[in-house]
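Chain identifiers are assigned alphabetically (A, B, ...) following the order of the sequence lines, protein sequences preceding nucleic acid strands; residue numbering begins at 1 within each chain.
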Amino acid sequence: MARVLLLGTPNSGKSTLFNALTGGAARTANFPGTTVDIEQATARIADMEVTFLDVPGAFSLAPRSPEEQVASKALLGEPSPDVVVIVLDAPRLQRSLYLASQILDLGLPTVVAVNLMDEAKAVGRPADVDGLKAALGCPVVGTSARSGEGVDALRTAIGAQLMARTPSRPVPWPLPPAAAQDLDEVAKLVPDEGAGRKRVWAQLALLSGTDLGRPAAFVDDAVARRTRARQSGRDLDSELIGARYAWVESLVPTPVVDPAKPSRSDVIDRVLLHPLWGGLSFVVVMSFVFWLLFAGAEPLVALVEAGVGGVASLATAAFDELGEGEGVLLARNFVVDGLIAGVGGVVIFLPQVALLFGLIAVLEDVGYLARAAHWMDRILRSAGLPGAAFVPLLSGFACAVPAILATRTMPRFRDRLLTMLTIPLTSCSARLPVYTLVIAALVPAQNSWSRPLALGAMYALSTVVTLVATVVLGRFVLRGQASSELIELPPYRAPVASHVARAIVGRVSDFVNEAGRIIVVASVVLWALLAFPRQEADVLVPPDEAAALVAAGADVETLVAQRQLEQSYGGRLGKALEPAIAPLGMDWQIGVGLVGAFAAREVFVATLAIVHGVSGDDVEGDLAARLAPDLSVPAGASIMVFFALSMQCLSTLAVLRKETGGWRWPAAVFAWMTVLAWCASWVTFHGLGALLA
Amino acid sequence: MTLDGLAKGIVGKVTVVGGTGSFRRRLMELGLLPGTQVARTGSAPLGDPLSFLVRGAVVCLRRDDARLVEVVVAG
């Protein structure tokens, strides 16, 4: 099947164009050997099945971040795309022509789309499509992907190019003689076919010393030439880049800078980046995002819970039809408490993951996300991070798994790693059920003001610890200055529904694939730990004791379930944990809950419900009432602090392993967070104990 | 003078792009080359980073990084 690759600078509307061309039925796939997403979709063009590929935006083929590297590899690696579509950013034409000039040098069949024509016209810099067509010598189509203008013409041009396969013409950029000689000499050493490809590889090596994972003899030569050029007072970077820009300027005039004529975005920025109003609006926007993340997700979460509950009772009823044998009972428990509960534990996250990524996509489309990173740079820099870390850190408050995936946009691995290591400390939404349960048990009055206060305190604690941990890790473990910030403020635009929908679908499927499987497997394992070994009911509760209970009107079955759990492997594990957690005010039942929480934090609530023999419609309320008499304030606070700071999430560890390329960092995070959580809980338990005594 | 000293709304012309490595290369790839016109458009609410208009795009630079770029203000 023919492959068409879309390439362009960030904010050029490339993804919107991709959606318009393909109808938006994209599936994300990881680029081989990396963790960065490329999107694929099939469409029919001129009676041909065509696969469209969308890679992250890049300013240059010489990459500066993992995302840009993916763009370069998709273009230069094997298999070569059949047609390349270069998406130009019409209002910022010069800059995207720099990238285009690198791509055109390759001699691949190329179509150029001049996107954002409408925006260029609005700012008074309409793009000259005919002029570009004459100068570039390949099909050039003006498009406005948002309104759909020109998309059909682009599709036709791509179809024609798929038939004709006319190689692109290298652009005539006037290189100084010494630099031209360097380029030619390095190009001779490149093991590739075609003069154009050789020169592009040579140029990337001269600019950045990168080989994109290819045999590197020519790279060594290029690096040596760079050094020699510097020693003789030459500056290869400015020679190579300057020559391309000289060509660009001969083609398109440099926009005249007129500070007296502010754009619409400038006017909005005067408010949104104002020292006072900017600060206020930032707080308002972020609070709204947060509120929507919790309050907005609630009805959806309730719906999912009801759905899972419905499936569980259907399954229970179906098994009950089969009879009452021990085998049937075990099979029923496996399906209902293991499998359905496990799948339920995955889908319960979906509303929040979808909402978070939908919101991030809207903020990104609108252009506010870049402003937020710009805003936060000053603060995050003092913690050793660039402003770009803001969004992943904020996302961590919903779920660490997508948040860790969101660090991929950061250019430096050290910054990425530092962000990934501290994200697990942000208070993810799975901790929320634990907080609510404990708070409900500690504060019986439903409308008491101390409930939200206690919840707020937990979030404050998590935020402070995250920032402090970033500073400490940044100063002592991953030393280094925060990398230089080079973000761009795109013009404010209306969000695009198809783009938001794609972001949601992509991230939700990421979550289901990466974390979902682990959560389901872990839930089943956990169920087995708590269900085995089996013991006869009359051994667990001897007949005379049972008779006494029945006489007193008590429930024997609940006691059987409790004792069964107590002697299960999970129960034994909880008891084995007791000496370690007793100093934190926790008993063995909490220990079993901690074992369960490792599958997913909110499983803590379900496990405690089994341990305490609570079942029914309002598990949380009943459980809180059951816990209340025995749970002291220091012990409850200690549980919450432990959950806030400990690394109890298999999914996060699995994603960390994938993103850092080994078990070393996840193991380190697990170890230090456990130690931190233990110490903080100890201080909380004993400190509060002394204070309240 | 250097780029960080450019007052808001004033247009300058780049003379020297300092700095090192991939950051300097990227500045130039974004079109910030000797001879290029730049205007300061504003700054983040906390006074840093600064934002500049370069070839029709708004690019943000920290004060420390902006200090590496020398400019002259056209008389």
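- Among all heavy-atom pairs drawn from B:Pro34 and B:Val17, the shortest one is CD-CG2, 4.2 Å.
- Partners of A:Ala370 by side-chain contact (heavy atoms from CB on, under 4.5 Å), not counting sequence neighbours, listed by chain and number: A:Leu489, A:Pro490.
- With a threshold of 4.5 angstrom between heavy atoms, B:Leu30 approaches chain A through its backbone and through its side chain.
- Neither the backbone nor the side chain of B:Leu32 has a heavy atom closer than 4.5 Å to any heavy atom of chain A.
- The side chain to side chain donor-acceptor pair (under 3.5 Å) check on A:Asp89 picks up A:Arg92, with sequence neighbours excluded.
- Among B:Lys8, B:Arg26, B:Arg24, the residue making the largest number of heavy-atom pairs under 4.5 Å with chain A is B:Arg26.
- For A:Asp235, the part lying under 4.5 angstrom from a heavy atom of chain B is the side chain only.
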Criterion side-chain contact (heavy atoms from CB on, under 4.5 Å) on B:Val38 and B:Val14, from CA distance to verdict: CA-CA 7 Å; B:Val38 209; B:Val14 177; 3.4 Å; yes
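- Between B:Arg63 and B:Asp4 there is no salt bridge, since no side-chain nitrogen of the basic residue lies less than 4.0 Å from a carboxylate oxygen of the acidic one.
- In this structure, the portion of B:Ser43 lying under 4.5 Å from any heavy atom of chain A is its backbone and not its side chain.
- A donor-acceptor contact shorter than 3.5 Å links the side chain of A:Ser281 to the backbone of A:Trp277.
- Against chain B, the residues from residues 96-104 of chain A that qualify, each with a non-hydrogen atom under 4.5 angstrom away, are A:Tyr98, A:Gln102 in number order.
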Under the side-chain contact (heavy atoms from CB on, under 4.5 Å) criterion, do B:Arg55 and A:Glu249 qualify, and how do the steps go? CA-CA 11 Å; B:Arg55 294 181 196 262; A:Glu249 283 171 358; 2.9 Å; yes
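- Contact annotation for A:Arg371: neither backbone nor side-chain heavy atoms come within less than 4.5 Å of a heavy atom of chain B.
- The two atoms that bring A:Gly384 and A:Asp415 nearest to each other are O-OD1, 4.4 Å, heavy atoms only.
- Partners of A:Ala62 according to the side-chain contact (heavy atoms from CB on, under 4.5 Å) rule, which considers only residues two or more places apart in sequence or in another chain, are A:Ser60, A:Leu204, A:Leu207, A:Ser208, B:Arg25, B:Glu29.
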